[in-house]
Student: 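Pasting in a structure now, in structure tokens, and then I'll have a few things to ask.
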Amino acid sequence: MERYLLDLIIVLPFMACLAALLLPTDSRAPATWLAGVTTLACVGLSVLLYPSISGGGSLQHRIEWIPSLGLSVTLRMDGFAWIFATLVSGIGFLVVLYSRYYISAEDPVRRFYFLFLAFTGSMLGFVLSGNLILMVIFWELTSILSFLLIGYWHHSQAARDGARMALTVTATGGLALLAGVLIIGHIVGSYDLEVVLASGDAIRAHQLYVPALILVLLGAFTKSAQFPFHFWLPNAMAAPTPVSAFLHSATLVKAGVFLLARLWPVLAGTPEWFTIVGLAGMASLVLGAYLAMFQQDLKGLLAYSTISHLGLITLLLSLGSPLGAVAAIFHMLNHATFKASLFMAAGIIDHEAGTRDLRRLSGLFRYMPITGTLAMVASAAMAGVPLLNGFLSKEMFFAEAVATHAESWLDTAAPYAAVLGSAFAVTYSIRFIHSIFFGMPPKSFPREPHEPPFWMRFPVMFLVLACLVVGIVPGLTIGPFLQVAVSSVLGAATPQYSLAVWHGFTLPLAMSTVALVGGALLYLWAGDYLQRAETAPLFGRIQGQRVFERVTVAISWRWARLVEEVFGTRRLQPQMRLLVAAAIAAAIPVFASGLSFGLHGNERMDFAFSGLWCVGMICAVAAAQQAKFHRLAALALLGGTGLVTCLTFVWLSAPDLAATQLVVEIVTTVLILLGLRWLPKRSEALAEPGGTLDRLRRFRDLSIAVLAGTGMTAISYAIMTRTPPDTIADFFVEKAYSDGGGRNVVNVILVDFRGFDTLGEITVLGTVALTVFALLRRFRPAPDSIERPEQQRIQWSFDEAEPGREAGATAAEYMYVPAVIMQWMFPVVIVLAAYLLLRGHDAPGGGFAAGVAMAAGFILQYMAAGTVWVEDRLRILPVFWIGGGLLLAAFTGAASMLFGDPFLTSYFQYAELPLVGKVPLASAAVFDLGVFSLVVGATVLMLIAIAHQSIRRLRAVRHEERQQWN
Amino acid sequence: MELTLALAIGVLTGSGVWLILRPRTYQLVIGLALLSYAVNLFIFSMGRLRVGAAPVLGADGAGNPADYADPVPQALVLTAIVIGFATTALLLVVLLAARGLTGSDHVDGRESH
Amino acid sequence: MSADILLWSVTVAQAMLVAAMGCNTYRLIRGPRAQDRVLCLDAMYVSAMLLVLTIGIRTGSSVYFEAALIIAVLGFVSTVALAKFLMRGEVIE
Amino acid sequence: MDWARHLLIVPILLPLVTGAFLLLVDELRHTTKAMISLASTLLLLASDIALMRIADGVPPGAGAMSSAYAIADWPAPFAIVLVLDRLSALMLVLTSVLGLASLVFSMARWQRAGPHFHTLFQFLLMGLGGAFLTGDLFNLFVFFEVTLAASYALLLHGSGAFRVRSGLHYIAINLASSLLFLIGVSLIYGVAGTLNMADLALRLPGVPAENRMLLEAGAAILGVAFLVKAGMWPLCFWLPSAYLAAAAPVAAIFVLLTKVGFYVLLRLTLLIFGSEAGQLTGFGGIVLLWGGIATLIFATSGVLASQAMGRLAGYSVLTSSGTLLAAVGIGDATVVSGALFYLVSSSLSTAAFFMLIELVERAREPGADLLAVTMEAYGDEADPDKDAEEEVGVVMPGALAVLGVCFGCVALLLAGLPPLSGFVAKFAMLTGMLNLQGLGNPVEIPARIWLLVALVILSGLAALVAMMRTGIRIFWAPLEEIVPRVLVIEVAPIVTLLALCLFLTVGGGAMIRYTDAAARSLHEPASYIQGVLEPGASGAAVR
Amino acid sequence: MSRVFPYPVLAASLVLIWLLLNSFSVGQFLLGTAVAVVASQAMAALRPAKPRLRRWQLIPWLVGVVVLDILRSNVAVATLILQGDRRDRVSGFVSIPLDLRDKTGLAVLACIVTSTPGTAWVEYAADSGVLLIHVLDLAEEDEWVTLIKTRYEAVLMEIFE
Amino acid sequence: MTHAENLPVWVALLASFFLVLGAGLTLAGAIGTLRFRSFFERVHAPTLGTSWGTGAIVVASIVCFSALGSRPVVHELLIGVFITVTTPVTLMLLARAALYRERAEGSGAVPPRLTLRRPKGNALQDESSDSDR
Ligand code: NA
Ligand code: NA
């Protein structure tokens, strides 16, 4: 039963925050009620649960989440968790009450309560989680939500910066904490809090203890604004006061020290712990208090005082003594109470007087006596005046500071630091009260201040009352709860301690007196100076946030850009170079280990073949060298190389490849020529001056090219001269006719054995064709290639110059005779295509070669008579050819599934026809027909799409002319 | 024969690589075309070289693998040819579009140095 | 006997045809003018086709016929395109 | 006859047929096309989920069903086989989910920005499906090409100067790497004499020593090709610009392209160069690890250095590539399992981010939405896409708030902060790295893994900083709020993807169980090989 | 019939081509006829100028003549190339006014002129009907004009007009 | 060449003759492209290969395969026919393209178009050795 109540404590706030979303944007009352009831309910729940943990035991509820990773939703409530849960929800309730009056109706109330409730839930989740990872999760959630809460008034620059800084610092710490927790998990083998707490010795003994410790401490210090990560807290004061009252006094900043206390049994007690934690604590204690004295912003003063008080707690925890831990826990509670009340008081003052500047505020006591009194009591508690709760914990602190724990200078410095810090605390507390409520009557306030409404003042009253009661009769009030909390943390090590106000004349008492008197004297002596001080001497120069900004800008902007520029590029050539280099590197092992060549089939030496390749290689090199300035020459030379490649295929018994390569060759040439029309000539004049650097670059590229070439030569030669392994090919040769029904093994592979590849391949072709089409629909020619080509303009002028000859006659006359032959070749090409297609299965050819041949036939007509002429005679719908072809191929493949066979299973048999004889019928042939159709469509689409640009260009020109006319 | 073809593959690769490291889009196209020749020949050579052993079975259709060149690399090359053709076309059109839109035939759309 | 005769003659023929392609290559590279290059490319196509035929004779198989046929029927398409490009600066108008 | 065994072909066949059919539908009937495409993609999702259940052995009876599908009914090493296991099933489902999301998103505007959008989109899905299913090296190449071709098309979809320029780079580099792919595959065939992955794994130990080097070279060259796709430094510079240039829904689906490279690397390193490969064991693991680390560093600085949100998103794609590659490099089952979880989570979130960016950009300069579509449209009176601006669907109320929340969620996901799946993924991977033998039996952790752990965490921090900077600039800084015209069908997919991330967090246990099983089976290639080569024995063995 | 075979001669020759390519069998004949129908339909779509063969029986004779001429000039040009350039050889353009107007006839003439080594078809003015050819070995210029006009053009005009 | 073993010697000789003849003519043509000084002279050279060069080798092939298959194999004829029909197209277009390029550059090496308006043909000496550079 209790287990579910435990869940409810966390579930409730989150449910409520979801409910808040459903409310209208500007609904103040309902939202307040929702939040109030929720927080109160949480208080009630924890009260209900007190009995089950008061015995010193702990209440657990474990829900498996990711067992294999040791991540489970384990809620665990012991005394310590309980007292914090109560504190969080209690103060939460008071803050709700307060903000009902503080947050104005203009602000987006819904968002405020949404975030507030979510934060409460996360905070409760954090203190109640029994699994370290879960703890980290809630920890990060609090960071994120505090970011949103600080940035609540995001129209102000201060709020944005404060929020950003807070999140950056705390989230960084959170990630460090995660790393630390992971290491702890690695050591312990579990993230379960119980297990971890039980295995303290193992952790402290482990070699990874120090890194783990440092990472966890990073988390704690950033969260609790400990030196040197304290700077974010003062900047977070741009948050609405209720937020500060809640986050920066009782909850968020307490998370760090809570964690330290939580893991105290596991991590504390080693010299590393003592040194690091002690240093940070002491520094924060003194520095925080010192800087607090010089603040002119009301909330700034409180913020620095918070840093100092948290430093005090950290210092106590650093000592590693049980009593220190007791004092620490006790002070956590005390600080929460008086600091929350002070923040709220500050909020009231700001609210009433319209400013938070200590220099402008003064003499408010006559306007708001009650608030004034409350503030005075609270700040007295902050200063550690007897009969107030602050005094008790500070006495304990002094006692611990005096006692020696580990022989080190820290130890000896501790008492002095303690006194100094408290003296400063006294000073700034006095200054806080004096400069606000006393002194000359106010000159110019934005508005006339007066007491706030009772319910706005009520939370302050309640908390101050708590300070008093605890301060006077601690044993009767906080005593038992503190005992439970302490024992739940320290377990067996729980020491004897007394919460009496009066311990007799002891050294700690003396120290308090010194601190009180000294602080008072300091204020008397330096009060006016503090009032006028712009920045604090000595430490005023070191401004955390400025350092922070510089570092962040340097790392997250300048360095990042530098890395991106130095180790990256946006140009193509370097990328290509890297790619080739990577490929070469990949092949290096072969040569490193010495590449051996075999003797397979190496006896043959054919001079004609060698001569052929001399031609081929010369063409290739020449093409490479001409491609820059003589595009047409390069194209022709490329054709030469292609031709030699085809011949090689013929020579080495690959007729299909030869046929296919040939038709592709032809179409590619036409294609590139079509493109060249839109690439204006490059004249050698444009050659960029070849400096030494340029020559070096070329040399580097040349050597890369040579290296790549050599590598390919060596590898291919090595393979060719090795005896082939037993390949899957034998199967294909044996089964091609008997089971595949075709004599041309390659074709049978293409349409049957590996028809699936072909299906994909034609999809690629179709896709590319569609891409080309799409791209050209949006094609915009370069300005220098919009007008007619030079030749046409010249011929045009010739025609006009010649009497009795209409312009453009040359064009017509040019094709006058050739066109006849080109047209009569059309049916021949169709027959050729049909031949290649139908014979494909038994002889070289096949759907692809046939398709390209057919397309070439179409192109021939376009070249002969021009686009317009052809298209009012032939309506080719390439897209339909593509779609139809794909569907045909796919359905032929799918048909076999109707017979229960896998996709693409082919069937063939010989049909006996009268006076025709045996006719082979293979389903693969239909598949090949689909291929044919697609290839025709795709090829025609690509070439004609480019060809159409000329017409579009003309249309564009006419359009412009029309523009000029009217 | 093997040596000749190996050298051929090497030279084609070299010229192609040289071209794809050049700054002009047209050089890129020609370079990739040359490279795809080289790669096709490379794939083809992986099946070892045979003269007069085209994998086209006789009338009886009986196939003794020893008598024929390895058909698998040929099939692969065929696919590679098709895809190479398609991609060449695409690259060409893209470079036209780039030429039109950026006004430069530099691969980066603007002159470096 | 007859095999040797044929082999010998085929080898000679192939050597001559390759030599012819070599000559064409010279003009293909040297030019001087674009039309010379195109002309020689066309000539190369023809020589290549003849080479295919000789290979067919040498291996005594007719599977290489298709390649030769394709050159014969479509070989001129690319040279036509080149010629037209030279004349009009545009392949398809 | 049982149709269930043909289910394996559906992820390839369905998009193919749909895409082809859409070509026959008139270009102007956008709505019809969209509806057909949508229906087909929904069907695809359904079948992919069914496949996932089969791969996962539910319903128990289905275990008997063969999960290797021999195309054209030829025996295994000779035919092309499709192989289904948990990993491929996971990738398939991811594909169809992202596909559906970006398809819905594109229906608002992008489908009209150019012709045949839906066909090309379906072909992309087909290519991805094939790449994830095939068990044949060359067939893998073919499907890579299908994917790439479609991706070229979609990247250039809508044209425009920047798009075309980045497209040129993207295409050039991928063409070159495809050539490397071919070299690698053929080299492997030349030495081992087979193309079937399982058969190859089986033949490897028998390869004579003097040939092994060549085989390794082939594999390494193949690896370079995959690394280009997976986006490993220094082969990844094309990626951010390409993704920045792509239209929002396209970029969203592109997120999967890098994952394909990762998938293949994972598959091959563990299957072929895994435990059973004799001397080749752990081939290239070190390269992957250090490459991944380098990528992570570069991507992290890129994330911090980018001003344009699109570039930021592109770099976060690289971040996840780096992380995944390093994870493969380590190669232990625990890490791989975490990596798979991370893959899913990061894919969903980056996809959502890419789509979100477009909507947010609208909030920044009004009319950006119109610009985005008709960017540098060809100013010709015959411009076919004049109607591209006009939008279909209902306008989203309270858009800015919704966008803000979505942006926050994406930020959390990229930074790997709780409560969304980004954290769980990162935690799963880190736990895996720190406890290679599983939680509870600690082993010595080498320095490189410490480095990796640190980098993974820091990259999260960098993402947080960058996203915070951007978010504040966009949502908090401006004085007057421009409320963008955002359609419900544009926001819905984003929200759905983010909701899926939330679901991944809550159902993390089940997901991790699945990825654990997937990773474990990847480490036992024997079952895969057996399942492929003698499917009769027990197809269920392929897991 | 004429709708199935708009160009009977064409269709016939296509069938012949088909049979040559495959084999002379009934099945191939039927198949070839089908292909020929498709092909000539496609041709019909282009609506080319329909040539009328008036005296096709002259064709074999013409072929014979041309083959021999070509053979002769082959030898001539080959020797001319192989024995190197004679200084006194002059090459040049010759313009020939043609009376043949039929496009197909002109096309055939072009084939003859081009296929004959030593003569190259350079330009044909459609309006004036003047043909410009280039002659490699321009010994007696009128001889070329008469050769073309009498030997080929006349026959072609008989066949086509 | 195992297939050729059982060929009659005279067939082998005949085939060889035509083979070498065709290849020789083609080579001669190719050499012509090197030797001739102007483009319009070079235009003539390739026709050696396209006319009897092709013819001879086609004949050789016909002879050879007819003898091998002991039946008339004449489909190679088609190659000869198509070459004869298609080559003119290339050469016509090329020659005229060259002509116009020359005219455009205003070189006197080629006759102006006006010559085609004259009623009676006449020759124009072509002294240009290699003037069209
Ligand atoms: Na004051
Ligand atoms: Na001639």
Side-chain angles (χ1 to χ4, degrees), chain A residues 65-66 68-70 137 140 154 160 171 175 179 182 186 189 556 560-561 563-564 567-569 572 575 578-579 582-583 586-587 589-590 593 596 719 725-728 731 756-757 760-761 763-764 767-768 770-771 774-775 777-778 780 879 882-883 886-887 890 897 900-905 956, chain D residues 1 6 9 16-17 20 23-24 70-73 77-78 80 114-116 123 139 142-143 145-146 149-150 152-153 156 159 169 176 180 190 193-194 210 213 217 220-221 224 234 237 298 301-302 304-305 378 380 384 417-418 428 430-431 434 439-440 442 457 461 464-465 472 476 508-509 512:
Chain A
W65 185 2
I66 307 178
S68 65
L69 300 178
I137 291 178
E140 293 288 25
H154 53 68
R160 294 200 295 266
L175 289 172
L182 285 170
H186 167 72
S556 78
R561 289 192 80 82
V563 172
E564 194 202 12
F567 295 103
T569 176
L572 179 62
Q575 299 190 48
L578 282 165
L579 185 55
V590 186
S593 69
S596 66
I719 295 282
D726 57 337
T727 67
I728 53 175
F731 176 87
F756 202 49
D757 283 344
E761 157 209 327
T763 315
V764 172
T767 312
V768 167
L770 294 174
T771 317
L775 204 54
R777 283 227 308 201
R778 286 284 183 82
R780 182 175 56 188
V879 174
I882 294 175
L886 269 177
L887 282 179
M897 292 171 10
D901 294 327
F903 182 67
L904 269 178
T905 310
Chain D
M1 90 199 81
H6 296 300
I9 195 72
L16 171 62
V17 171
L23 286 177
L24 308 182
I71 299 284
D73 205 17
F78 311 108
I80 293 167
H116 304 299
F123 286 167
N139 192 240
V142 170
F143 278 110
E145 289 305 313
V146 174
Y152 304 146
L156 297 165
S159 192
H169 288 193
L180 289 181
T194 186
E210 75 270 17
M213 269 303 153
I221 292 170
V224 173
F237 306 133
F298 177 69
S301 46
L304 285 171
Y378 179 49
D380 175 357
L417 289 179
L430 294 176
T431 307
L434 294 182
L439 205 59
I457 293 178
L461 180 61
L464 177 69
V465 170
I472 289 177
W476 281 5
I512 286 284

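Residue numbers start from 1 in every chain, and the chains themselves are labelled A, B, ... in the order their sequence lines are given, proteins ahead of strands.
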Student: What residue in A:S596, A:A582, A:A587 has the most heavy-atom pairs under 4.5 Å with chain D?
Tutor: A:A582

Student: Where does A:L770 contact chain D at under 4.5 Å (heavy atoms): side chain, backbone, both or neither?
Tutor: side chain

Student: Is it the side chain or the backbone of D:H169 that comes within 4.5 Å of chain A heavy atoms, both, or neither?
Tutor: both

Student: Where does D:L417 contact chain A at under 4.5 Å (heavy atoms): side chain, backbone, both or neither?
Tutor: side chain

Student: Given that the side chain runs from C-beta out, which part of D:I221 has a heavy atom under 4.5 Å from chain A: side chain, backbone, both or neither?
Tutor: both

Student: Atom CZ in A:F756, atom CD1 in D:I9: separation rounded to 0.5 Å?
Tutor: 4.0 Å

Student: Tell me, side chain or backbone of D:F123 under 4.5 Å from chain A's heavy atoms, or both, or neither?
Tutor: side chain

Student: With rounding to the nearest 0.5 angstrom, report the NE2 to OG1 distance, A:H186 to D:T431.
Tutor: 12.0 Å

Student: For the candidates A:E140, A:E761, A:Q575, which exhibits the highest count of non-hydrogen atom pairs separated by less than 4.5 Å from chain D?
Tutor: A:Q575

Student: For A:F731 and D:F78, take the angle between the two ring planes, folded into 0 to 90°, and tell me which bin it lands in: parallel under 30, tilted 30 to 60, perpendicular over 60.
Tutor: parallel

Student: Which atoms of D:L180 come close to chain A, meaning under 4.5 Å heavy atom to heavy atom: side chain ones, backbone ones, both, or neither?
Tutor: side chain

Student: Which word best sums up how the rings of D:W476 and A:H154 line up, parallel for under 30°, tilted for 30 to 60°, or perpendicular for over 60°?
Tutor: parallel

Student: For the interface with chain A, which of D:N139, D:L434, D:V146 has the highest count of heavy-atom pairs at distances below 4.5 Å?
Tutor: D:N139

Student: In terms of heavy-atom pairs under 4.5 Å, which option from A:I719, A:T569, A:L775, A:D726 contacts chain D the most?
Tutor: A:T569

Student: Between A:G189, A:S556, A:G760, which shows the greatest number of heavy-atom pairs under 4.5 Å with chain D?
Tutor: A:S556

Student: I'd like to know which of A:L69, A:I66, A:D757 tops the heavy-atom pair count under 4.5 Å against chain D.
Tutor: A:D757

Student: Tell me which of these, A:L579, A:D901, A:I882, A:V563, has more heavy-atom pairs under 4.5 Å with chain D than the rest.
Tutor: A:L579

Student: Measure distances from D:A70 to the heavy atoms of chain A and classify the residue's part below 4.5 Å as side chain, backbone, both or neither.
Tutor: backbone

